[in-house]
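Indexing begins at 1, ligand by ligand and atom by atom, following the structure's order. All values below come from the heavy atoms of this structure, side chains included, with hydrogens, waters and symmetry mates left out.
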Amino acid sequence: MALKVVILAAGKSTRMKSDTPKVLHRVAGVPLLRWVLEQAATLEPEQIIVIVGHEADRVRKAFAGYPGLTFVTQQPQQGTGHAVMQARAQLAGFAGDVAVLCGDVPLIQPATLAALRAAHAGHAATVLTTELEQPGSYGRVVRDASGRVTAIVEARDLARGQERIHEINSGTYLFDAPALLACLDRLTTANAQGEYYLTDVIRLLAADGRPVAAHLCEDSREVLGINTRQDLALCDTIARRRVADALMLSGVTILDPASTYIEAGVQIGPDTVIYPFSAIHAGVTIGSHCEIGPFAHLRGGTKLGNNCKVGAFVETKNAVYGAGSKSGHLAYLGDVTLGRNVNIGAGSIVANYDGERKHHTEIGDDAFIGCGTVLVAPVKVGKNAQTGANTVVPRGKDVPDNTVVVGAPARVLKTRQGKAT
Ligand code: UD1
Ligand code: MG
């Protein structure tokens, strides 16, 4: 069955109390909307329509490079049903299914969406639900005596007795497109929030006698919606644990996942050991047999070859390490390329920022950077060169190969012997 996806991402995120649109907040280093776009892609849709509204330009700009998206603006934002109405032009005449995903529900697994799709066969609408001990502000799934879904009632609109319902609406649905479009025309704002609720489509279809189903997601952590900063922190913990689990299964030792912060999209080779209290940001790649931390901070653009070390209180950013290069303690390496088997002494700094621009530094194979060295970028340190303790190498004063420099600013001391191989 042909399928289109509509992602709801126009809301203001009042409860986040943020200047940033909710879908640009990050979980495990990745914006919420990207998580949802990746879910959408697993359904292999013929079109992905993203409804934007609050700070629409920021959201569009942040995803300008993402292929194949159709952005539609919802202005003003009058509820989830009103949001889907904005996609009328894209859905008109479409005879397939429409998956509606919430931009603030990032953790649904592909297998769950596949199961939802299978459950939807032969139905006008199928809602993904789960059971929660404390259903809080989620919409509740109302069933009749025979167990048929008859409605979804928002927390603020609950009738007496309905607060006892534990099955909640995840905000994720599959609809038959013509059935959805017909019901959108019938939505009203007669509810506690004065909004057009998408959830009322379920009630209308059920009342018309159309087949409506609910598919229960066993693992309620997948369908957590992010409405507050507390929800954000909870989802972040779950997402990062997933990342750590996948890495451990692929052969990485993470001694204490709970105190290790590894974002999504980090690649780490087998037999690398990550000690606690280390932060490794999205896009970082680490080879095998490396040693990271404790208390290491690997920021964007860091790429380590095999057998490297980034030890305690070392921060890296856009730092490329050749195999066997080591920075054991207390260092900052920003915008720098290290050859192979470079040793960075404790307390060394690459001063990459001159107050206006960032500059690049290169350190050749087998170079030995003495403790407390400051390399003022842009500068090159040659192969097998050495700096003495507390050396300052000024910008542009490149250190030739096989040369030992000392002092502040550095002056040539002598020639260094080639490394015996
Ligand atoms: C919604 C559901 C609720 C469900 C919960 C799951 C409705 C009426 N309620 O409640 O049943 O349990 O999700 O997380 O649908 N949005 C727009 N335009 C709008 C309003 C919202 O695009 O005018 C977007 C938001 O940006 C958000 C999503 O729709 O991504 C859900 O909106 P939100 O306000 O978070 O609804 P909930 O109260 O969470
Ligand atoms: Mg929500």
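At the shortest separation from atom 25 (C) of ligand 1 among protein heavy atoms lies G11 N, 3.7 Å. Taking atom 24 (C) of ligand 1 as the reference point, the nearest protein heavy-atom neighbour is L8 CB, 3.6 Å. Scanning the protein heavy atoms around atom 35 (O) of ligand 1, the nearest turns out to be D104 OD2, 2.9 Å. At the shortest separation from atom 9 (N) of ligand 1 among protein heavy atoms lies E154 OE1, 2.9 Å. T80 OG1, 3.4 Å is the protein heavy atom nearest to atom 7 (C) of ligand 1. Nearest protein neighbour of atom 12 (O) of ligand 1, counting heavy atoms only, is N169 O, 2.6 Å. Residue, atom and distance of the protein heavy atom nearest to atom 28 (C) of ligand 1 are C102 SG, 3.8 Å.
Between the side chain of Y197 and the main chain of T199, no donor-acceptor pair closer than 3.5 Å is present. Between the side chain of D365 and the backbone N or O of R340 there is at least one donor-acceptor pair closer than 3.5 Å. Side-chain atoms of Q162 come within 3.5 Å of backbone N or O of A159 as a donor-acceptor pair. Checked by atom type and distance alone, the side chain of K17 never pairs as donor or acceptor with a backbone atom of T228 at under 3.5 Å. E163 contributes a side-chain N or O that, together with a main-chain N or O of G161, makes up a donor-acceptor pair within less than 3.5 Å.
Side-chain contact, D354 with H359: a donor N or O sits under 3.5 Å from an acceptor N or O. Side-chain atoms of T337 and H360 include a donor-acceptor pair closer than 3.5 Å.
Judged as a side-chain hydrogen bond (donor to acceptor under 3.5 Å, both in side chains), and not counting sequence neighbours, the contacts of R299 are E315.
At a heavy-atom distance under 4.0 Å, atoms from both the backbone and the side chain of A10 approach ligand 1. By the criterion of a heavy-atom distance under 4.0 Å, the backbone of Q78, and not its side chain, is placed next to ligand 1. At a 4.0 Å heavy-atom cut-off, ligand 1 does not touch S13 at all. Contacts of N227 with ligand 1, taken as heavy-atom pairs under 4.0 Å, involve the side chain alone. Residue-level proximity to ligand 1 for Q74 is carried by the side chain, the only part with a heavy atom below 4.0 angstrom. Under 4.0 angstrom from ligand 1, there are no non-hydrogen atoms of E195.
The shortest N or O to N or O distance between G171 and ligand 1 is not under 3.5 Å. Inclusion of Y197 in the set of residues having an N or O under 3.5 Å from an N or O of ligand 1 is not warranted. On a distance-only criterion, G79 and ligand 1 share at least one N/O pair closer than 3.5 Å.
In this structure, R15 has a heavy atom closer than 4.0 Å to ligand 1. Between G53 and ligand 1 there is no heavy-atom distance shorter than 4.0 Å. Ligand 1 has S170 within reach: a non-hydrogen atom of the residue lies less than 4.0 Å from it. Heavy-atom separations between H82 and ligand 1 are all 4.0 Å or longer. Residue I168 places every heavy atom at 4.0 Å or more from ligand 1.
Around the Mg ion (ligand 2), the protein N, O or S atoms closer than 2.8 Å are D104 OD2, N227 OD1, listed by chain and residue number.
In this structure, the ring of H120 has its center no less than 6.0 angstrom from the ring center of H215.
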Determine all donor-acceptor pairs shorter than 3.5 Å in which one atom belongs to a side chain in residues 40-57; sequence neighbours excluded.
from	atom 1	to	atom 2	distance (Å)
T42	OG1	Q39	O	2.6
Q47	OE1	K4	NZ	2.9
Q47	NE2	T70	OG1	3.1

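Listed by atom number, the atoms of ligand 1 under 4.0 Å from T199 heavy atoms are 7 (C), 8 (C), 11 (O), 15 (O). Residue-ligand proximity, G139 to ligand 1, at heavy-atom distances under 4.0 Å covers atoms 3 (C), 4 (C), 11 (O), 12 (O).
Here salt bridge (charged side-chain N to carboxylate O under 4.0 Å, His left out) pairs that include residues 274-295, with residues two or more places apart or in two chains, are E291-K309.
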